[in-house]
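Nothing here was measured: the structure is a model prediction, and the numbers come from that model.
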Amino acid sequence: MAWIALVLSGLLETAWAVSLDRSAGFTRPLPSAVFAVTLVASMAGLAYALREIPVGTGYAVWVGIGAVGTALVGMVALGESASLPRLLSLLLVVAGVVGLKLFH
């Protein structure tokens, strides 16, 4: 259950990061509210997962999922560059997250 919570929390990290960008410095109410709710939920899920998963592994996996998810949203939905070196770099992050899970 801890790993499921950790993955979901990583996905929520993507949601709060994109919402933070869309909030325009907290001047737009709806993205600002989405940011606040997803931030709290993401942190709560991370805290829950860290009861069973070591902090180094849990935090690295959480950040990795959030970073890759946010970068993919940026490429797919926000017009950011999807160059081959960038995609390969994201693949390395995914490999690291998978490795942390496998060798936990």
Side-chain angles (χ1 to χ4, degrees):
M1 192 66 183
W3 281 98
I4 293 170
L6 185 60
V7 169
L8 292 175
S9 294
L11 295 173
L12 285 170
E13 184 187 2
T14 296
W16 70 251
V18 173
S19 298
L20 179 61
D21 174 61
R22 295 288 147 207
S23 75
F26 300 117
T27 61
R28 298 177 61 212
L30 183 58
S32 298
V34 171
F35 164 77
V37 169
T38 55
L39 177 69
V40 170
S42 179
M43 292 292 172
L46 175 62
Y48 174 83
L50 292 180
R51 295 187 325 182
E52 294 182 29
I53 299 169
V55 68
T57 300
Y59 184 74
V61 168
W62 179 75
V63 168
I65 291 169
V68 169
T70 304
L72 290 174
V73 169
M75 287 185 245
V76 171
L78 304 176
E80 295 178 11
S81 169
S83 66
L84 183 59
R86 194 162 188 221
L87 292 171
L88 290 174
S89 297
L90 289 174
L91 188 59
L92 289 172
V93 175
V94 170
V97 167
V98 170
L100 286 170
K101 168 61 175 133
L102 291 176
F103 302 115
H104 163 67

#### Entry: Shared hydrophobic cluster for V63 and I65 (ILVMFWY, side-chain gaps under 4.5 Å)
yes
#### Entry: S23 side chain near F35 side chain, heavy-atom distance below 4.5 Å
no
### Message
Test question: given the 4.5 Å side-chain rule for I, L, V, M, F, W and Y, name all other residues clustered with Y48, or answer none.
### Response
M1
### Summary
Closest non-hydrogen atoms of T27 and S32, given as atom of the first, atom of the second and distance, are N-OG, 4.3 Å
### Message
Would you compute the distance between atom CZ of F26 and atom OG of S19 and round it to the nearest 0.5 angstrom?
### Response
10.0 Å
### Task
Compare every heavy atom of V73 with every heavy atom of T14, then report the nearest pair and how far apart it is.
CG2-CG2, 3.9 Å
### Task
Looking only at non-hydrogen atoms, find the nearest pair between G45 and A5 and report the distance.
O-CB, 4.1 Å
### Task
Go through the steps to decide whether L30 and R22 satisfy the test side-chain contact (heavy atoms from CB on, under 4.5 Å), and finish with yes or no.
CA-CA 9 Å; L30 183 58; R22 295 288 147 207; over 6 Å; no
#### Entry: Student check: side-chain heavy atoms of E13 and L39 closer than 4.5 Å
no
### Query
If you look at every heavy atom in I53 and G58, which pair is closest and at what distance?
CG2-N, 3.7 Å
### Working for side-chain contact (heavy atoms from CB on, under 4.5 Å), residues W3 and V61
CA-CA 10 Å; W3 281 98; V61 168; 4.0 Å; yes
### Qualifying residue for side-chain contact (heavy atoms from CB on, under 4.5 Å) with I4, from L6, V7, L8
L8
### Message
Tell me the closest heavy-atom pair linking V68 and V93, and the distance in Å.
### Response
CG2-CG1, 3.5 Å
### Message
Hydrophobic clusters here meaning ILVMFWY residues chained together by side-chain heavy-atom distances under 4.5 Å, can you tell me if L20 and L11 are in one?
### Response
yes
### Pair listing, side chain to side chain donor-acceptor pair (under 3.5 Å) test, anchored in residues 58-85, at least two apart
S42-W62, E80-R86
### Task
Scan L90, L92, L84 and name whichever one has a side-chain contact (heavy atoms from CB on, under 4.5 Å) with L88.
L84
### Task
Not counting sequence neighbours, list each pair that qualifies as a salt bridge (Lys or Arg N to Asp or Glu O under 4.0 Å) and has a residue in residues 29-57.
none
### Task
Check A60 against L100 and note the closest heavy-atom contact, atom names and distance.
CB-CD1, 3.5 Å
### Task
Please answer: with hydrophobic residues joined when any side-chain heavy atoms are less than 4.5 Å apart, are L87 and V94 in the same cluster?
yes
### Task
Would you check if M75 and L72 make a side-chain contact, meaning some heavy-atom pair closer than 4.5 Å?
yes
### Query
V55, L46: one ILVMFWY side-chain cluster at the under-4.5 Å cut-off?
yes
#### Entry: Check: H104 and P54 side chains under 4.5 Å, non-hydrogen atoms
yes
